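Residue numbering restarts at 1 for every chain, and letters A, B, ... go by the order of the sequence lines. This one's a predicted model, so the numbers in the text were calculated from it and none came from an experiment.
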Amino acid sequence: MTIHSSESQDSRTSSNFLRDIIAEDVCTKKYGDAVIQTRFPPEPNGYLHVGHAKAICINFILADEFGGKTNLRFDDTNPEKEEQEYVDSIQRDVRWLGFEWERLCYASDYFGQLYEWALQLIRAGKAYVDDLSAEEIRQHRGTLTEPGKESPFRNRAIAENLDLFQRMKAGEFPDGSRVLRAKIDMASPNLNMRDPVMYRILHATHHRTGDEWCIYPMYDYAHGQSDSVERVTHSMCSLEFADHQPLYRWFIENLGIFPSQQIEFDRLSVTYTLLSKRKLLQLVQEKRVSGWDDPRMPTLSGMRRRGFTPEALRAFVLTAGVSRTNGIVDIEMLEHFQRDDLNRRARRAMAVLRPLKLVIDNYPEGQQEFVEVANNPEDPTAGTRQVPFSREIYIEQDDFREVPPPKYYRLSPGKEVRLRNAYFITAQSVIKDATGSIVEVHCTYDPASRGGNSPDGRKVKSTIHWVSTAHAISAEIRLYDKLFSTPDPGDVPEGGSFLDNLNPASLEILADAKLEPSLAEAQAGDQFQFERVGYFCVDPDSSEIRKVFNRTLPLKDSWAKIEKKAGA
RNA sequence: UGGGCGAUCGUCUAAUGGUAGGACAGUGCCCUUUGGAGGCACUUGUCUAGGUUCGAAUCCUAGUCGCCCAGCCA
């Protein structure tokens, strides 16, 4: 497994109850000398999202801490919802997160064994074939407060059950006509124990086993036994399966097989984010987003395309922690870890998103020069590069105000600022178009301030970025914001839909940003900090002649805060 | 209204009968050739009521509130 030692160290600094349980089991030799074994068991019916990242990290990192192993197992017991596309994407995403599994498994690997075990339970008088319809089974189940009623088929002879079940497998009966049920207790206060269905008839083609089977095991019958086959010692799953634990144990005990144990923990929730597979699928199918990897999606593939990094995701998930409470983590925490990671690693570049032309009147026409710029001030080993400078440059529209508001330190008439790594300039005049908008700012520069410092020790209050007009490359910039505009988008009033909470401004496209020429070399996936603006990465939609950049996150903007406060 | 699980700063999470700590967010100051980054400081919390104890976030009792469960989904 590929995790950095510093990370597992970090995760160790703070305790969590899962680690405590494993440590206790190791200490008491609950599983003898057997190795700690975990598994990450997604159903291949959708793409992995940031919530899965938590389950992945927990399973892989915890096992690793105890010298154990982790399998990737596809819980593929429902052929109607599962596809190879999802199997492929899940493997890609787990690897991208930085983990390598011990074994790649499928619940469908165990269909034969599961069938044999079902026969064993029938022979023991602990399972029976029920002819009731789905509707009748539902009615017999009782309610939360009333016990269920036994099916009239519950006490069928063992030989008849055996015969019927074998014929179910042989394909003699249509879908829905019969099921195999465990014979437990129709009066149990736990609905999962009221003779749960073990097998249903489904004449569907499975993405791996094809038409080999027409009966498929239910989750409850397949999961624990799959764990047991793989000798999983700690089967960690989310809280909603807590009610299934007695059934998980019932099957294992009545089969007399390896005693895997289920432990539940809380799912990850993040503000302004939806992690329901059903709803994410709906966003894709209704084309509310461009696909599973739309950079606004909370899927791992979407976040990867957006520019999120596995290092940041792991640090976030580990720091958010694990417990048994239903909380919702502030998305700012995720963003913090992403900025923290990129701040350390991302190369800096100058890019003007919304260009305003600026002319330096006393800079010789036709002259050009190169200024030396650090690739990453946080990392001297990243080196420097030469950036062309000339008489006409682009600056950000936001960096000039004809009438500066209070505390505005950037360019305005008569004010002097620093052009990053270049010269001090002072704004002298503006040129406006017919509608009165400023189309050009004219300045003078101080030739003695080359590099960004004046020999007389004169200070300026701000530094702005720039790109030489003659050398700039044009690019498309996609500014992504939160997909939803409310902290809990799934929380919808009566009659409403989560779609009502979609943020209409989640994507803004800037068709003609001006970038420093070095960015022409950037390749898909490359990540940058555009100084003073934010973190960006090259989108795969880019071509040789035209780059497309995705904004991962903006930089923290304290001016925006000042402005907002003044406005309020 | 049956069963299960849970409740600690605004948010997430530690403290396992012995100083309520960390992270994010927020606030202020310092520093700064990114209004970035960084540094320093500060604010805010044990659901309620009883009880046990020298001592309770932790144990007990009773409440309150929240989440999950009635698929031939997982």
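Nearer to the 5' terminus of RNA chain B, by closest-nucleotide assignment, is the contact made by A:L239 (compared with the other of A:A560 and A:L239). Of the residues near RNA chain B, A:N421 and A:D340, the one whose nearest nucleotide (by heavy atom distance) lies more toward the 5' end is A:N421.
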Set out, line by line, the N/O atom pairs under 3.5 Å between protein and nucleotides 71-74 of chain B.
from, atom 1, to, atom 2, distance (Å)
B:rG71, OP2, A:R141, NH2, 3.1
B:rC72, OP1, A:R141, NH2, 3.3
B:rC72, OP2, A:R141, NH1, 3.2
B:rC72, N3, A:G176, O, 3.4
B:rC72, N4, A:L132, O, 3.0
B:rC72, N4, A:A134, N, 3.0
B:rC72, N4, A:G176, O, 3.0
B:rC73, OP2, A:R200, NE, 3.0
B:rC73, OP2, A:R200, NH2, 2.9
B:rC73, O3', A:R200, NH2, 3.2
B:rC73, O2', A:N78, ND2, 2.8
B:rA74, OP1, A:T77, OG1, 2.7
B:rA74, OP1, A:R200, NH1, 3.3
B:rA74, OP1, A:R200, NH2, 3.0
B:rA74, OP2, A:Y219, N, 2.9
B:rA74, N6, A:H244, NE2, 3.4

Show me the protein contacts with nucleotides 15-20 of chain B, counting only N or O atoms at under 3.5 Å.
from, atom 1, to, atom 2, distance (Å)
B:rA15, OP1, A:S15, OG, 3.3
B:rU16, O4, A:D20, OD2, 2.4

For nucleotides 42-48 of chain B, give me every protein contact, N/O to N/O, under 3.5 Å, one pair per line with atom names.
none

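Under 3.5 Å, the side chain of A:Q529 and the base of B:rU34 form at least one donor-acceptor pair of N or O atoms. At a cut-off of 3.5 angstrom, the base of B:rG35 holds no donor-acceptor pair with the side chain of A:R532. For A:E378 against B:rG36, a side-chain-to-base donor-acceptor contact under 3.5 Å is present. Between the side chain of A:N190 and the base of B:rG4, no donor-acceptor pair under 3.5 Å is found.
Aromatic rings of A:Y128 and A:F153 (six-membered ring for Trp) have centroids beyond the 6.0 Å cut-off, not under it. With ring centers used as reference points, A:Y248 lies 6.0 Å or more from A:H244. Taking the six-membered ring for Trp and the full ring otherwise, A:F74 and A:Y106 have centroids separated by under 6.0 Å.
Of the residues A:Q261, A:Q262, A:R73, the one that meets the side chain to side chain contact (heavy atoms under 4.5 Å, CB included) test with A:D227 is A:R73. Shown are A:Q166, A:R178, A:R167; of these, the side-chain hydrogen bond (donor to acceptor under 3.5 Å, both in side chains) with A:E172 is made only by A:R167.
When distances run from any side-chain atom of A:D330 to the nucleotides B:rC67, B:rU11, B:rG2, the shortest one goes to B:rU11. Here the side chain of A:K561 is nearest to one of B:rG36, B:rG35, B:rG26, namely B:rG26. Proximity note for A:F337 (side chain, C-beta onward) versus B:rG2, B:rG36, B:rA23: the nearest is B:rA23. In this structure, the nucleotide among B:rU34, B:rG2, B:rC24 sitting nearest to the side chain of A:L191 is B:rG2. For A:V329, the side-chain atoms get nearest to B:rC12 when compared with the rest of B:rC68, B:rG35, B:rC12. Comparing atom distances between the A:K556 side chain and each of B:rU27, B:rA25, B:rG35 picks out B:rA25 as nearest. The side chain of A:M333 approaches B:rA23 more closely than any other nucleotide in the set B:rG36, B:rA23, B:rU34. When the nucleotides B:rC24, B:rA37, B:rG35 are ranked by their closest atom to the side chain of A:N343, B:rA37 comes out on top.
When the side-chain nitrogen and oxygen atoms of A:S323 are compared with OP1 and OP2 of B:rG6, none of them lie within a distance under 4.0 Å. Between A:T325 and B:rU13 there is a side-chain polar atom (N or O) within less than 4.0 angstrom of OP1 or OP2. The side chain of A:K459 places no N or O atom within less than 4.0 Å of a non-bridging phosphate oxygen (OP1 or OP2) of B:rC31.
By the 6.0 Å contact criterion, NZ on A:K279 is enclosed, its count of non-hydrogen atoms from other residues, nucleotides or ligands being greater than 12.
Between A:Y221 and A:Y199, the two ring planes are tilted [angle within 30° to 60°].
In summary, A:D399 and A:R410 engage in a salt bridge, as defined by a charged side-chain N under 4.0 Å from a carboxylate O.
Put simply, CD on A:Q338 is 15 Å from P on B:rC24, counting in whole angstrom units.
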